[in-house]
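So the structure is just underneath, and the comments pick up after that.
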Amino acid sequence: MRIVEGKVIVCSPGRNFVTLKLVTEDGLHGIGDATLNGRELAVASYLSDHVIPLLIGRDARRIEDTWQYLYKGAYWRRGPVTMAAIGAVDSALWDICGKARNAPLYQLLGGASRDSVLVYGHANGESEDDTVKAAAKYVDMGYRAIRAQSAVAGVTHAYGVGRGTLYYEPAEKGRPLECGWSTEPYLDFVPKLFERLRKEFGFGVHLLHDVHHRLTPIEAARLGKSLEPYRLFWLEDPTPAENQAAFRTIRHHTVTPIAVGEVFNTIYDCQLLIEEELIDYIRTTVVHAGGISHLRKIAALAELHHVRTGAHGATDLSPVAMAGALHFDLSVHNFGIQEYMRHTDETDRVFPHAYAFADGAMHPGEAPGLGVDIDEELAAKYPYDPAYLPVNRKTDGTVHSW
Ligand code: EZ4
Ligand code: CO
């Protein structure tokens, strides 16, 4: 089953997406998401200029061999551009493999370990009251887990406060937006927000919060401790994780569960975090961490250490990545939760899919392969539109993590 054609489709139905499409001699095709928010064209070029020419003539069924060929064969290992490209190839090959066997992908990954996949939605607001209202909407829609973010007085553009209550999109056209950051008001505000949310909704709904890499380990430890009475499902990205050992400080001080890994691209980025049991949830994704094949290896290591999966699922992960995530989530034993930010209707139309949401959970559907496709004609109506993620500065102007 030789690969005879490969192409990269860059489109912007509301936001930018990079999609790889591979076609075999039997006329089957598979797709993979290769979107790297704010750096899209680097991956598009990596694929078109350096990867697709090597794939032509290869057997589409040799998924692991192709992964190793692209990873070891590049000589230059790891990194978000390389791994997003390899991830897209891997997903497209799994998609083809499922179609060739007329089976939904999860059936090739060991079958379903559960009936459906618990997801969490995003409640955000300009104030505590707004966030409570947004959370109530998610409860009404049937969500059983909600991430809550709110604007904080004294912080311009706090992370996670979107343009609408049901849609959050941080990338902006033109030059990057500059946000302002101040740790002290944030640390005072967050416990009050969760105290209020527990008062309004009780303990029957899971609550999550994303710090977005803005605290030092000791500040994160303090926040985790102050949130203990509100029993969060997780506290996400409490501190940057290039230094994995920094999480020891957080772990030492708090029993609030910790999630990290949306920016990781290989198992080596979380090896110490997992082996020392410094985290509870690993957020690596099909798109940014080398595809379904590599994500399964991360999950297997995590399973040994009581770490569960909690894959990133923001709007910049296309419906192709979402489908891959859901097949993975349904199959691995140590699944924890899946992030699900709704895409716009425009995006959903460009990527028709079999997955569906019901009662706070999702299922990838029974269509063969990933169960998602790209409408190329429609995609062509939405040309690439450059956009960047914001940058962040402390009140004195120092660049900070966004
Ligand atoms: O900032 O996907 O948990 N979700 C997040 C996201 C990320 C964006 C970056 O492209 O942190 O909103
Ligand atoms: Co996050």
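This structure is a prediction, so every number in the text was calculated from the model and none was measured. For ligands, and for the atoms within them, numbers begin at 1 and follow the listed sequence.
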| task | Would you mind listing which atoms of ligand 1 come within a distance below 4.0 Å of any non-hydrogen atom of Tyr168? | result | 12 (O)
| If only atom types and distance count, is the side chain of Arg342 paired as donor or acceptor with the main-chain N or O of Thr315 below 3.5 Å? | no
| said: Checking Asn392 against His400: is there a side-chain donor and acceptor pair closer than 3.5 Å? | reply: no
| query | Taking heavy atoms and a distance under 4.0 Å, where does Leu389 meet ligand 1: side chain, backbone, both or neither? | reply | side chain
| For the Co ion (ligand 2), which N, O or S atom of Glu236 is at the shortest distance? | OE2
| Beyond-backbone contact of Asp280 with Trp234, side-chain heavy atoms, under 4.5 angstrom | no
| note | If we number the atoms of ligand 1 from 1 as shown, the ones under 4.0 Å from a heavy atom of Asp210 are 3 (O), 4 (N), 5 (C), 11 (O)
| said: Looking only at side-chain N and O atoms, does Asp129 offer a donor or acceptor that is under 3.5 Å from a partner on Ser127? | reply: no
| Sub-4.0 Å heavy-atom contact, Arg147 with ligand 1 | yes
| task | Hey, can you tell me if Tyr46 and His50 have their rings parallel, tilted or perpendicular (30° and 60° cut-offs)? | result | perpendicular
| request: Check the side chains of Thr285 and Glu262 for a donor-acceptor pair under 3.5 angstrom, ignoring hydrogens and angles. | output: no
| field | Heavy atom of the protein closest to atom 12 (O) of ligand 1 (residue, atom name, distance) | value | Tyr159 OH, 2.8 Å
| query | Are Arg77 and Thr82 side-chain neighbours, meaning at least one heavy-atom pair lies under 4.5 Å? | reply | no
| query | Is ligand 1 under 4.0 Å from a heavy atom in the side chain of Met341, in the backbone, in both, or in neither? | reply | neither
| field | Heavy-atom check, side chain of Leu330 versus side chain of Arg114, under 4.5 Å | value | yes
| task | For Ala314, counting its heavy atoms only, list the atoms of ligand 1 lying under 4.0 Å from any of them. | result | 2 (O), 6 (C)
| Ligand-side contact atoms (ligand 1) for residue partner Asp316, heavy atom cut-off under 4.0 Å | 2 (O), 8 (C), 9 (C), 10 (O)
| Side-chain H-bond candidate by donor/acceptor type, His122 with Asp210, under 3.5 Å | no
| atom 7 (C) of ligand 1: nearest protein contact (heavy atom, Å) | Glu262 OE2, 3.5 Å
| task | Specify whether Phe351 and Phe17 have parallel, tilted or perpendicular ring planes, treating 30° as the upper limit for parallel and 60° as the lower limit for perpendicular. | result | perpendicular
| message | Taking backbone and side chain together, does Asp210 place any N/O/S atom at a distance below 2.8 Å from the Co ion (ligand 2)? | response | yes
| remark: min-distance protein heavy atom vs atom 1 (O) of ligand 1 -> His212 NE2, 2.8 Å
| query | Just wondering, is there an N, O or S atom on Asp237 that's nearer than 2.8 Å to the Co ion (ligand 2)? | reply | no
| What atoms of ligand 1 come closer than 4.0 angstrom to any heavy atom of Arg283? | 3 (O), 4 (N)
| remark: The N/O/S atom of Glu262 lying closest to the Co ion (ligand 2) is OE1
| message | At less than 4.0 angstrom from any non-hydrogen atom of Trp402, what atoms of ligand 1 do you find? | response | 1 (O)
